Amino acid sequence: MTTTTERHQRGFATIYTPDGRHRIWLPRPTAAGRIHATCSFALSGHMDFVDSIDTLGYVRVEQVTTYDKDCSSLTLTCLLAPEGCLERLMEDLPEKMEEYL
């Protein structure tokens, strides 16, 4: 299974599995270094995925909110420069998605 990453000119990237079942929208980090990602699935059922993101040395998971079975949000804080943090996430998240989702 190959996870896909799309970069958009609107200031966000979309990472999704080939079947389209799991998507994550990553906006550019805020000036304070926060990324407020939106997921097309409930993170409450995938806390091992969230924990694996938290082990990455350049971001910290601040908050996980599950709205329903088809929507949740993930707030991350960049521990490095925000631009570099987003680039690394776009490289690492597809691997994490393939492993945990």
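Bear in mind that the values here come from a model prediction, so they are computed numbers and not experimental data.
Put simply, CD on Glu87 and CD on Glu91 are 7.0 Å apart, with the number rounded to the nearest 0.5 Å. Here the OG-CG distance, from Ser52 to Asp92, works out to 10.0 Å after rounding to the nearest 0.5 Å. Atom OG1 of Thr75 and atom CD of Gln63 lie 5.0 Å apart (nearest 0.5 Å). Note that CG of Leu93 is 7.5 Å distant from CG of Leu56, once rounded to the nearest 0.5 Å.
Aromatic rings from Tyr16 and His22 are positioned such that their centres are separated by 6.0 Å or more.
When every heavy atom of Leu79 is checked against every heavy atom of Gly57, the shortest pair comes out as CD1-O, 3.7 Å. When all heavy atoms are compared, the tightest approach of Pro94 to Leu89 is CD-O, 4.0 Å. The two residues Cys78 and Cys85 make their nearest non-hydrogen contact at SG-SG, 2.9 Å. Scanning both residues, Pro27 and Leu86, for their nearest heavy atoms gives O-CD1, 3.9 Å. The two residues Thr66 and Ser72 come nearest to each other via the heavy atoms CA-CB, 3.7 Å.
At least one donor-acceptor pair closer than 3.5 Å links the side chain of Tyr58 to the backbone N or O of Arg88. Between the side chain of Thr77 and the backbone N or O of Arg34, no donor-acceptor pair lies under 3.5 Å. Within the 3.5 Å criterion, the main-chain N or O of Arg23 finds a donor-acceptor partner in the side chain of Ser40. Between the Asp54 side chain and the Val61 main chain, a donor and an acceptor come within less than 3.5 Å of each other.
Using a 4.5 Å heavy-atom cutoff, the side chains of His36 and Thr30 are in contact. Side-chain atoms of Phe49 and Leu101, non-hydrogen and from C-beta on, do get closer than 4.5 Å to each other. At a threshold of 4.5 Å between non-hydrogen side-chain atoms, the residues Leu26 and Phe12 do not count as touching. Within the 4.5 Å cutoff, the side chain of Ile53 has heavy atoms near those of the Leu74 side chain. For the pair Met97 and Ile15, the minimum side-chain heavy-atom distance is below 4.5 Å. Put simply, the side chain of Tyr100 does not reach to within 4.5 Å of the side chain of Val50, judged on heavy atoms.
In this model, a donor atom of one side chain and an acceptor atom of the other lie less than 3.5 Å apart for Ser73 and Tyr67.
A salt bridge does not link Lys96 with Glu98: every distance from a Lys NZ or Arg NE/NH1/NH2 to an Asp or Glu carboxylate oxygen is 4.0 Å or more.
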